[in-house]
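Accompanying notes for the structure given below.
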Amino acid sequence: MDIQQTITKTIAGAFRDLFDHAVDPDSLALQPTRKEFEGTYTFVIFPFLKITKSTPEASGEKLGAYLQKNLPEVSTFNVVKGFLNISLSSSYWMNLFQQLYEAKDHGRFPSKGKKVMVEYSSPNTNKPLHLGHLRNNFLGFAVSLILEAYGYEVIKSNLVNDRGIHICKSMVAYEKLGKGETPESSGLKGDHLVGKYYVLFDQEYKKQIRALTESGLEEAAAKKSAPWMKEAQDMLVRWEAGDAATIDLWKKLNGWVYQGFEETYRKMGVDFDQYYYESDTYLLGKDIVAEGLKKGVFFKKENGSVWADLSEEGLDEKLVLRADGTSVYMTQDMGTADLKYKDHHIEKSVYVVGNEQDYHFEVLFKIMRKLGRPYGNGLYHLSYGMVDLPTGKMKSREGTVVDADDLMAEMVATAREHTQELGKIEGFSQEEAEALYEILGLGALKYFLLKVDPKKRMLFNPQESIEFQGNTGPFIQYTHARIAAILRKAAQIDLDYSPAQFQGYATLEKAEESLIYQLDDYSNKVHLAAEELSPAVIAQYLFDLAKEYNRFYAELPIFSETKAAVQAFRVGLSAQVAKTIKSGMGLLGIVVPQKM
RNA sequence: GGUCCUGUAGCUCAACUGGAUAGAGCAACUGCCUUCUAAGCAGUAGGUUCCAGGUUCGAGUCCUGGCAGGAUCACCA
């Protein structure tokens, strides 16, 4: 039982003993005391005045005295208006710290024996990854790690959109203009090379539309009848028919793209346990349509098209099969949901997909529940907001995207400049220095994208580079490096900072208590982050922890401290902070350096 | 137009799910490197939490109605 439960249980006891009133301890909640007041936990009296039949102040005094008398952990208390602020004893803090210090894997929960799949990234194979994909990938990867720490077995999956009209556009343009160009001959990364032809298609296509509208055609008709669009559509038909030349071309271009993606994923530091390809899954789901018709979940219209009626759930009717019997997006996603379950028997399934698809997933999940799927209640859409530029939305065809590879390279370059300016690479080999720039640049970028609540859309201004000071990745990395320096020194002077050495340090400083409180809170934050699928919870926590540690670092001496017990304790406390920072940053997919 | 999301300091974001005087970072200003890493610490200044009602001991948070921005409402994906 943790201290909060102990306190609320005792408060319930006080209500019984002092006011003859039974209260469920679980209905009582404590909150952290605001830092301008003395105390660790605060109990709000107002709701219980009917029970105490007294003023808030008098009730608080009575409850406080009762706690102090009955709980050795409670050292003092004070009452401000209707708030009972509870202070805990140094021995409580010391005991708590020793528990944390000796625990292995603080912040890791026991296995739940349950599987969850996290699908993220899910790129199109017609263009390189951009800033929006970075948010998606970092989110998906971090959420996977957080769920794993929380005790799930996690399967990271990537559903690659490798077919369809948009892929055919790149193929048509390449066929027309490519002249056998390859990544080797052009010096372009495979995904960038294919992306180039996607842009070329669009430019030519627009030109054709303009020519047609100028010759008097309606715009809608021009879009349909432009020669290259017709070619792309023909290409799609040939692809679906399995035409050998088309398939060869498709395989060649996609192969280049995958090589490019692999490089980008490696740089980002993300990976996958399972790839799904839409070229394999796009025909799935038709059997589910038949099943839904039988179960009365779907109905057929006169023209033969099949629909789900969700009007009772506050939505409208949604098409699940075209009149000609071909699939739509929804059909395929129903099939893929079943496939994931068949492959892994997952109990939860998380889709990391932008909020523009909120409606689609709401419908999909409702349908799967109505069909009685065993995993139906474990479906989650981790819906994140778009990353906007000051000029508005990114458009890949209009060249206003922030390319993922470019941005990562820029971040590393900025880290290099910054570090060299500060003259912090003394004693680094060339390789070590480059590795550090990578760690810092990517740390800054990942933290920047993960610290914001996923569902909020965020602004990225390419003119203003991502910060390295304040609430940033490098600030937290720096705190870790500082502690690493302390631990190196401790090793150098053979300082023993095992718990036995702490004996004799009886009156902790406020800054030390706060740190222990924060360290203890880590597992709560992992729990919360897992429940809310929000790495931002961890990011915010780490910033607060690092901030608190730097305060401690500035205020209290370590090696110039004369009492051995105090010195050992402060090194131990520092070590625990470093361990927690490393663990938490690890959950965000961010590496921390030993020196910087 | 219907539905969903968002609106907090000049800017970027918090606020433990209804609690105290709404907090950080950046930018600005003032201090602190002869002591463990100054990518740091301490401080000053900055607010009608979009607006109007309501619910109650108490509302940035919940409800209703507006306003603003975004997304979505294809036999596209």
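Residue numbers start from 1 in every chain, and the chains themselves are labelled A, B, ... in the order their sequence lines are given, proteins ahead of strands. All values derive from a computational prediction rather than experimental measurement.
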### Query
Taking any strand in view, what nucleotide pairs with B/A42 in a Watson-Crick or G-U wobble way, both distances under 3.5 Å?
B/U30
### Message
side-chain contact (heavy atoms from CB on, under 4.5 Å), that's the test. Do A/Thr472 and A/Phe448 meet it? Break it down for me.
### Response
CA-CA 7 Å; A/Thr472 67; A/Phe448 176 82; over 6 Å; no
#### Entry: Base of B/G19 and ring of A/Phe83 stacked, centres under 5.5 Å, planes under 30°
no
### Query
In the strands shown, is B/G65 matched to any nucleotide by a Watson-Crick or G-U wobble pair with both distances under 3.5 Å, and which?
B/C51
### Query
So what does A/Arg34 touch, heavy atoms closer than 4.0 Å: a base, only the sugar-phosphate, or nothing?
base
### Query
Once you round it to whole Å, what is the distance between C1' of B/A74 and NZ of A/Lys301?
13 Å
### Task
Verify whether the ring centers belonging to A/Tyr277 and A/Trp250 lie closer than 6.0 Å.
no
### Task
Take the protein atom OH of A/Tyr198 and the nucleotide atom C1' of B/A77, then report the distance between them rounded to whole Å.
11 Å
### Query
A/Thr326 near the nucleic acid: base, sugar-phosphate alone, or nothing, with a heavy-atom cut-off under 4.0 Å?
nothing
### Task
Would you classify A/His418 as touching base, sugar-phosphate or nothing, given that sugar-phosphate means primed atoms plus P, OP1 and OP2, and contacts are heavy atoms under 4.0 Å?
base
### Query
Can you find a side-chain donor-acceptor pair between A/Asp521 and A/Asn524 that sits under 3.5 Å?
yes
### Message
Categorize A/Ile486 for me: base, sugar-phosphate, or nothing, with a 4.0 angstrom heavy-atom threshold over every strand shown.
### Response
sugar-phosphate
### Query
Between B/C32 and B/C16, how far is it from one C1' atom to the other, in whole Å?
33 Å
### Task
Pull up the glycosidic torsion of B/C51 and say syn or anti, syn being anything within 90° of 0.
anti
#### Entry: Who pairs with B/U3 - Watson-Crick or G-U, where each distance is under 3.5 Å
B/A71
### Query
Using the P atom in both, what is the distance from B/U49 to B/G7, to the nearest Å?
15 Å
### Task
Name the nucleic acid region contacted by A/Asp333, choosing base, sugar-phosphate or nothing; use a 4.0 angstrom heavy-atom cut-off, strictly under.
nothing
### Task
Quick one: label A/Pro56 by what it contacts on the DNA or RNA (base, sugar-phosphate, nothing), any heavy atom closer than 4.0 Å.
nothing
### Task
Assign each of A/Leu321 and A/Glu36 to its nearest nucleotide of RNA chain B by heavy atoms, then name whichever residue's nucleotide is nearer the 5' end.
A/Glu36
### Task
Could you give the distance separating B/U48 and B/G58 at their P atoms, to the nearest angstrom?
24 Å
### Task
Using the P atom as the reference point in each nucleotide, state the distance between B/C13 and B/U55 in Å, no decimals.
35 Å
### Query
With a non-hydrogen cut-off below 4.0 angstrom, is A/Glu555 in contact with a base, only sugar-phosphate, or nothing?
nothing
### Query
Are any non-hydrogen side-chain atoms of A/Pro56 and A/Leu49 less than 4.5 angstrom apart?
yes
### Query
With rounding to whole Å, what would you report as the distance between B/C50 and B/U44 at their P atoms?
26 Å
## Note on the structure
Picking from B/A20, B/G19, B/U37, the nucleotide nearest the side-chain atoms of A/Val44 would be B/G19
### Query
Rounded to the nearest 0.5 Å, how far apart are OG of A/Ser383 and CZ of A/Phe361?
9.5 Å
### Task
Would you check if the distance from the ring center of A/His418 to the ring center of A/Phe468 is below 6.0 Å?
yes
### Task
Let me know which of A/Phe37, A/Phe46, A/Phe43 forms a ring pair (Phe, Tyr, Trp, His ring centres under 6.0 Å) with A/Phe83.
A/Phe46
### Task
Tell me which nucleotide among B/G40, B/G19, B/U6 gets nearest to the side chain of A/Phe46.
B/G19
### Query
Do A/Lys595 side-chain and B/U37 base share a donor-acceptor contact under 3.5 Å?
no
### Query
Tell me, for nucleotides 10-15 of chain B in 5' to 3' order, what letter each nucleotide earns: B for a base near a protein heavy atom under 4.0 Å, S for only sugar-phosphate near one, - for neither?
--SSS-
### Task
For B/A71 and B/A9, measure between their P atoms and round to the nearest Å.
22 Å
### Task
Indicate whether OP1 or OP2 belonging to B/A20 is found under 4.0 Å from a side-chain N or O atom of A/Lys35.
no
### Task
Indicate, with a heavy-atom threshold strictly under 4.0 Å, whether A/Tyr359 touches base, sugar-phosphate, or nothing.
sugar-phosphate
### Message
Can you say whether a donor on the side chain of A/Asn550 sits under 3.5 Å from an acceptor on the base of B/A42, or the other way round?
### Response
no
### Query
Just checking A/Glu426: base, sugar-phosphate only, or nothing, at a heavy-atom cut-off of under 4.0 Å?
nothing
### Task
Check the pair A/Trp228, A/Ile209 against side-chain contact (heavy atoms from CB on, under 4.5 Å), reporting the backbone distance first and the verdict last.
CA-CA 10 Å; A/Trp228 276 30; A/Ile209 293 171; over 6 Å; no
### Task
Would you mind telling me which of B/C26, B/A20, B/U72 lies closest to the side-chain atoms of A/Glu467?
B/C26
### Task
Mind calculating the distance between CG (A/Asn355) and P (B/C5) to the nearest angstrom?
11 Å
### Task
Select from A/Gln31 and A/Ser560 the residue whose nearest nucleotide in RNA chain B is closer to the 5' end of that strand.
A/Gln31
### Message
Check this one for me: any side-chain N or O of A/Lys547 less than 4.0 Å away from OP1 or OP2 of B/C41?
### Response
yes
### Message
Students often get this wrong, so: under 4.0 angstrom with heavy atoms, is A/Leu556 touching a base, only sugar-phosphate, or nothing?
### Response
base
### Query
CG of A/Asp162 versus C1' of B/A77: gap in Å, rounded?
13 Å
### Message
Partner lookup for B/C16, please. Criteria are Watson-Crick or G-U wobble with both distances under 3.5 angstrom; report none if nothing qualifies.
### Response
none
### Task
May I ask you to verify whether the side chain of A/Thr419 and the base of B/A39 hold a donor-acceptor pair under 3.5 Å?
yes
### Task
Over 60° means perpendicular and under 30° means parallel, so classify the ring planes of A/Tyr329 and A/His360, tilted if in between.
parallel
### Task
Using both distances under 3.5 Å as the test, list the Watson-Crick or G-U wobble partner of B/G60, or none.
none
### Message
Need one value for A/Ser305: base, sugar-phosphate or nothing, where a base atom within 4.0 Å counts as base even if backbone is also close, heavy atoms only.
### Response
base
### Task
Give one of base, sugar-phosphate or nothing for A/Tyr478, where a contact means two heavy atoms less than 4.0 Å apart.
base
### Query
Taking the six-membered ring for Trp, are the ring centroids of A/His527 and A/Tyr150 within less than 6.0 Å of each other?
yes
### Message
Are B/A20 and A/Phe37 stacked, with the base six-membered ring and the side-chain ring centres under 5.5 Å apart and planes under 30°?
### Response
yes
### Task
Identify which nucleotide among B/A77, B/G19, B/U37 has an atom closest to any side-chain atom of A/Arg322, counting heavy atoms from C-beta outward.
B/A77
### Query
Should A/His166 and A/Tyr198 be marked as a ring-ring contact (aromatic ring centres under 6.0 Å, His included) after you check the CA-CA gap, both sets of side-chain angles, and the distance that decides it?
CA-CA 8 Å; A/His166 47 292; A/Tyr198 185 67; 7.5 Å; no
### Message
Between the base of B/A39 and the side chain of A/Thr472, is there a donor and acceptor pair under 3.5 angstrom?
### Response
no
### Task
Taking the six-membered ring for Trp and the full ring for Phe, Tyr or His, determine whether the centres of A/Tyr380 and A/Tyr351 are under 6.0 Å apart.
no
#### Entry: B/G25 to B/A42 separation - C1' atoms, rounded to the nearest Å
16 Å
### Query
Considering only the P atoms, how many Å lie between B/C4 and B/G40, rounded to the nearest integer?
43 Å
### Query
Which whole-number value in Å describes the distance from A/Arg551 CZ to B/G40 P?
14 Å
